[in-house]
Amino acid sequence: MNRHALRRTLAAALVASPAAFAVTGAHAAPQVLALFSTDRPVALACEGGTCRAEMPTLCLQPGRRAPQPGRGYRLAEGQEIALVGRRGDGTEMSIPLGHEVAITAARTHVSVEMSIPRALIDKYGFEAAGLGIGEVAAAVPVADPDDLRPQTPDETAWAAREARQLAAAIVDREPDRMPAVRLMTRMSNALPAGDADALWASMVADAKRDGVSDAAIGFARFTYDLCKFKTANGIVATVGQCLRGLSGDSMEYLNEDLEKALGSGS
């Protein structure tokens with residue numbers, strides 16, 4: 001089945017699903033979020049006993065409210081992500097993670113912070129580590145006693161399966177803007193670095209080897225140069241902060257197509 005046929009089939013199923021239009025109030029549980037696939041591991045920054053990375057997301061339930069920053073999430077039932085690490089001898093390992101990952105909303109529905117204990121990295125003797133996410137991963141809000149209209153198991157299961165498959169067809173596989181977001185996400189999480197320009201050049205070279213389009217690399221390069229300009233002129237505090245903000249803007253753009261397919265506004 002080609003991409004357009006998949007979109008039509010999934011969209012029809014979503015319209016037929018009562019859960020797709022379960023509109024809730026201000027004190028309802030927030031949306032299930034799509035966690036977007038990574039092309040290469042995203043670096044973890046460690047401070048004290050915790051290591052963190054910020055990842056792009058989008059809402060999978062337009063009828064529910066966007067999360068407030070700091071709202072707790074968890075991986076959807078049965079899902080895993082990967083801790084990818086390199087040891088001192090150069091060998092690499094990929095460790096599946098589930099409940100070990102803490103997830104909190106960072107900037108409404110466009111990003112989350114994912115964190116793991118530093119002890120987990122030390123356990124495997126990793127000198128450098130990052131997170132890898134496969135396609136069709138989703139994050140579900142942790143139940144809160146203050147949620148007057150909590151998520152039901154059927155709602156979260158529907159969002160993490162059918163809605164997430166539609167997001168994969170529309171957003172994960174989008175050929176230009178999404179690869180640019182992945183590149184900016186890897187860069188923003190790798191900063192600060194001793195030589196940011198050298199790091200950027202290395203990431204662009206990796207992207208070219210991975211077959212990322214010239215349009216995507218050009219968009220990401222323009223964004224990086226803009227963020228350097230804004231930082232040098234005191235418009236933003238850091239290049240990483242700027243990249244995260246502009247990545248969020250791109251996710252909002254991608255969310256428009258997804259919302260149309262889901263049949264409601266977010």
Side-chain angles (χ1 to χ4, degrees), residues 1-15 17 19-20 30-42 53-64 66-67 73 75-76 79 81 103 105-112 114 131-141 156 158-189 207 210-213 215-220 223 243-266:
M1 183 181 292
N2 64 33
R3 175 181 174 182
H4 297 294
L6 176 62
R7 288 175 63 166
R8 288 194 298 270
T9 300
L10 290 173
L14 293 169
V15 170
S17 170
Q31 305 152 344
V32 174
L33 300 174
L35 296 169
F36 285 95
S37 54
T38 55
D39 49 359
R40 288 172 177 260
V42 174
E54 187 172 311
M55 300 291 197
T57 58
L58 287 181
C59 82
L60 292 171
Q61 295 170 306
R64 282 190 175 268
Y73 275 75
L75 290 173
Q79 293 188 354
I81 65 172
I103 305 173
R107 288 174 288 114
T108 65
H109 60 280
V110 298
S111 70
V112 294
M114 308 184 80
L131 297 178
I133 301 176
E135 204 172 78
V136 302
V140 174
T156 56
W158 168 84
R161 290 198 304 263
E162 285 84 357
R164 186 62 186 90
Q165 289 177 36
L166 185 60
I170 294 173
V171 183
D172 286 78
R173 301 167 200 163
E174 194 279 335
D176 296 323
R177 194 172 290 262
M178 193 64 218
V181 168
R182 290 188 179 100
L183 181 53
M184 290 187 286
T185 296
R186 287 197 289 117
M187 184 66 181
S188 64
N189 280 284
D210 292 342
V212 173
S213 71
I217 292 172
F219 179 75
T223 304
L243 286 172
R244 286 188 288 273
L246 293 179
S247 292
D249 292 345
S250 289
M251 296 309 291
E252 290 283 13
Y253 177 89
L254 291 166
N255 203 48
E256 292 179 8
D257 283 347
L258 181 56
E259 285 176 358
K260 289 174 185 176
L262 290 169
S264 176
S266 180

Next item on the list: Start with the C-alpha gap between Met184 and Ser188, add the side-chain angles, then the distance that decides, and say whether side-chain contact (heavy atoms from CB on, under 4.5 Å) holds.
Entry: CA-CA 6 Å; Met184 290 187 286; Ser188 64; 5.8 Å; no
Taking the side chain as every heavy atom from C-beta outward, state whether [X] and [Y] have any pair of such atoms under 4.5 Å apart.
| X | Y | answer |
| --- | --- | --- |
| Met114 | Ile133 | yes |
| Leu183 | Val212 | no |
| Pro56 | Ser111 | no |

Where do [X] and [Y] come nearest, in terms of heavy atoms and distance?
| X | Y | result |
| --- | --- | --- |
| Thr38 | Gly132 | OG1-CA, 3.4 Å |
| Ala139 | Val32 | O-CG1, 3.3 Å |
| Leu258 | Ala167 | CD1-CA, 3.8 Å |
| Ala163 | Leu262 | CB-CD2, 4.1 Å |
| Cys59 | Leu33 | CA-CD2, 3.9 Å |

Roughly how far, to the nearest 0.5 Å, is [atom2] of [Y] from [atom1] of [X]?
| X | Y | atom1 | atom2 | result |
| --- | --- | --- | --- | --- |
| Ile81 | Leu131 | CD1 | CG | 4.5 Å |
| Glu259 | Leu60 | CD | CG | 11.0 Å |
| Arg107 | Asp249 | CZ | CG | 8.5 Å |
| Tyr253 | Arg177 | OH | CZ | 5.0 Å |
| Met178 | Phe219 | CE | CZ | 11.5 Å |

Next item on the list: Flag the pair Glu135 and Arg164 as a salt bridge only when some basic side-chain nitrogen lies within less than 4.0 angstrom of an acidic carboxylate oxygen.
Entry: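 Salt bridge flag = no for Arg164 with Glu135.
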Checklist line | Results of side chain to side chain contact (heavy atoms under 4.5 Å, CB included) for Ala76 - residues two or more places apart only | finding: Gln79, Ala138, Val140, Ala160
Notebook entry, point to check: Glu256: what forms a side chain to side chain contact (heavy atoms under 4.5 Å, CB included) with it, not counting sequence neighbours?
Noted result: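 So Glu256 forms no side chain to side chain contact (heavy atoms under 4.5 Å, CB included) with any residue.
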Distance-only, no hydrogens or angles: does the [X] side chain make a donor-acceptor pair with backbone N or O of [Y] under 3.5 Å?
| X | Y | value |
| --- | --- | --- |
| Asn189 | Thr185 | yes |
| Ser213 | Ala216 | yes |
| Thr57 | Leu35 | no |
| Gln61 | Arg64 | no |
| Asp172 | Ser37 | yes |

Next item on the list: Verify side-chain contact (heavy atoms from CB on, under 4.5 Å) between Met251 and His109, making sure each step is shown before the conclusion.
Entry: CA-CA 9 Å; Met251 296 309 291; His109 60 280; over 6 Å; no
Note to self: side-chain contact (heavy atoms from CB on, under 4.5 Å), that's the test. Do Arg161 and Val136 meet it? Break it down for me.
What the structure shows: CA-CA 8 Å; Arg161 290 198 304 263; Val136 302; over 6 Å; no
Next item on the list: Could you tell me which residues satisfy side-chain hydrogen bond (donor to acceptor under 3.5 Å, both in side chains) with Arg40, sequence neighbours excluded, listed by chain and number?
Entry: Asp210
Next item on the list: Measure from NZ or CZ of Arg182 to the centre of the six-membered ring of Phe36, then state whether that distance is under 6.0 Å and the direction lies within 45° of the axis.
Entry: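 No, cation not above the ring by the 6.0 Å, 45° rule.
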